[in-house]
Amino acid sequence: MAAGKGPTGYRKFRAPTDLWKRFGDAVEAGPDPEADMSKVLRQFIRWYVGETNADLPKQPPKGPWSTPDTEEQA
């Protein structure tokens with residue numbers, strides 16, 4: 001990302017590799033062509049903390065990302 005672009009205060013987010021990949025695949029297949037993983041996470045966080053007028057991000061239809069691998073743990 002170019003300097004001066006995007007939000008400040010970079011945060012790390014940990015997730016199992018398989019879950020993170022499936023999330024990325026789901027975001028790509030989702031209904032918002034402008035969405036990326038960060039945008040979807042920010043939408044969820046705004047909804048979760050109860051910001052006024054915050055809505056859950058729209059989910060994609062069910063797909064291969066919907067079923068976890070048997071090795072994935074919560």
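Taking all atoms of both residues into account, the shortest heavy-atom contact from P31 to P33 is O-CD, 3.2 Å. Taking all atoms of both residues into account, the shortest heavy-atom contact from G30 to P60 is CA-CB, 3.7 Å.
Here W47 pairs with F44 under the ring-ring contact (aromatic ring centres under 6.0 Å, His included) rule; sequence neighbours left out. Every residue was checked against the salt bridge (Lys or Arg N to Asp or Glu O under 4.0 Å) condition with K58, not counting sequence neighbours, and none meets it. Every residue two or more places apart in sequence or in another chain that forms a salt bridge (Lys or Arg N to Asp or Glu O under 4.0 Å) with E51 is listed here: R46.
Pairs of residues two or more places apart, or lying in two chains, that qualify as side-chain hydrogen bond (donor to acceptor under 3.5 Å, both in side chains) and include a residue from residues 32-41 are D32-K39.
Distance check, rounded to the nearest 0.5 Å: CG of N53 to CG of D55 gives 7.5 Å. Taken to the nearest 0.5 Å, the CH2 atom of W65 stands 11.0 Å off from the CD atom of Q59.
Counting side-chain heavy-atom gaps under 4.5 Å among Ile, Leu, Val, Met, Phe, Trp and Tyr, the cluster of V40 also holds F13, W20, F23, V27, M37, L41.
Under the 4.5 Å side-chain criterion, counting only non-hydrogen atoms from C-beta, R42 is not in contact with I45.
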